[in-house]
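As structure tokens, the structure follows; a few thoughts come after it.
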Amino acid sequence: MKSVLFYCFFLFISFTCFSQNDTSAISLVSYWSKGDSFNFKITKVQQQWKKGELSKNDSSSYIANFLVLDSTASSYKIKWSYKNDLVSEYNIPSKFASLLSKYQVTEVIYTTTEMGQFVGIENWKEIGKMMKDLVADITETLYKDKPKEKEAFKKAMQAIESAYSSKEGVEQFIFKEIQYFHFPFGYQFSQTTPLTYEQPIPNMFGGSAVRGDTKLYIKGVDKKNSTFTLMQEMKLNPEDTRKMLTELFRKMNVPSTDKMMESAKIDINDTNQYEYDYLVGTPIKIETLRKTIVDIDKEKALRIDKIKIEVLKD
């Protein structure tokens, strides 16, 4: 049972966290035009330790294209497109890769404000349906002749499919890279005074938001090259996180979890670094790090999640 809890915990704890207003000195505003195109390399690393031993060490990377489809006085329309690596991301045996070839390319159409602040994904319904179909095909591919395992996997994935059914779920759960990309746009950041505040993190599975104690500060400014580096540090409220997971397990009908979760200890900390060209309004490099420590029924596990977004020079 504990192995199921750890699996579900690490599966759903990757919701994304972003911040509110700051005051003052370095401003980040988008200066894009219709037809502007940038390529970025995205690298993801996921590591897990159980009982002090490394049990998982996965990494994947892909190239994404950022294309400005339209630019008006009040908004931008963006296409974010990339090729999926389903074999690595879902641990699918390579011999089955051809069966899932129809999911290889993903295109996200979304809008921002005139300053570059993320507004929302326009084709979220199509993406949500695609992800549901993908989960169904992966289930059939991996558990074709294993009815008991197939049924257990389907139940575990019900909450994910629920997230795919809403605009907020698609935006927060699937496309963290886009959220990180636009996180600092439209704000000013003090070069001398850190900003600290309590950030409410939406619960994409329903229920109360999770609070996060957040600190933002400028790490450095390079005026010669018109760049600056912003640091974001956040600690999620342990009690809010525990409640969210308890409610989630109830929705999934996972038995005998309430008592274990009452004494569960959960520690989640983010350390993110954003480097931007503030004259052009584009990221140079973004590195995110989430460290999750969970102790359920005296069994500890550690997970490290990293995302790196790097602009590719022509």
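Ring geometry, Y143 versus F153: the interplanar angle falls from 30° to 60°, so the pair is classed tilted. Below 30°, between 30° and 60°, or above 60°: for F181 and F185 the angle between ring planes is below 30°, a parallel geometry.
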Problem - salt bridge (charged side-chain N to carboxylate O under 4.0 Å, His left out) between E140 and K150, intermediate numbers included - result: CA-CA 8 Å; E140 290 299 320; K150 180 190 292 186; 3.2 Å; yes
Exercise for the section: Start with the C-alpha distance between Q232 and Y274, add both sets of side-chain angles, then the distance that settles side-chain contact (heavy atoms from CB on, under 4.5 Å), and finish with yes or no. Expected result: CA-CA 8 Å; Q232 177 193 29; Y274 305 83; 2.8 Å; yes
Practice task
Would you please test S37 and N65 for side chain to side chain donor-acceptor pair (under 3.5 Å) and show each step?
Solution key: CA-CA 7 Å; S37 178; N65 178 255; 2.8 Å; yes
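If you look at F38 and W32, their ring centroids are not closer than 6.0 Å. Between F40 and Y82, a ring centre-to-centre spacing not shorter than 6.0 Å is recorded.
Side-chain contact between D270 and T288: absent, with no pair of heavy atoms (C-beta onward) separated by less than 4.5 Å. Between K44 and K306, every side-chain heavy-atom pair lies at or beyond the 4.5 Å cut-off.
For the residue pair K167 and G120, the shortest heavy atom distance occurs at NZ-CA, 3.4 Å. Taking every heavy atom of both residues into account, H182 and G116 meet most closely at ND1-O, 2.8 Å. Closest approach of A64 to I42, counting heavy atoms only: CB-CD1, 3.7 Å. Considering all non-hydrogen atoms of both residues, Y62 and K83 come closest at CB-O, 3.8 Å. When all heavy atoms of P184 and Y276 are compared, the closest pair comes out as CD-OH, 3.4 Å. Closest heavy-atom contact between V119 and T113: CG2-N, 3.6 Å.
Ion pairing of K235 with D213 is absent here, as no side-chain N (NZ or NE/NH1/NH2) approaches a carboxylate O to less than 4.0 Å.
Remark: I266 CD1 to K243 NZ distance equals 12.0 Å, nearest 0.5 Å. Note that the CD atom of Q188 and the OG atom of S190 stand 10.0 Å from one another [nearest 0.5 Å]. Distance check: S30 OG to L28 CG gives 8.0 Å after rounding to the nearest 0.5 Å.
By the 6.0 Å and 45° rule, K219 does not stack over the aromatic ring of Y217.
Within 6.0 Å of the NZ atom in K146, the count of heavy atoms belonging to other residues, nucleotides or ligands does not exceed 12.
In summary, of the residues considered (V108, I109, I78), a side chain to side chain contact (heavy atoms under 4.5 Å, CB included) with E122 occurs for I109 alone.
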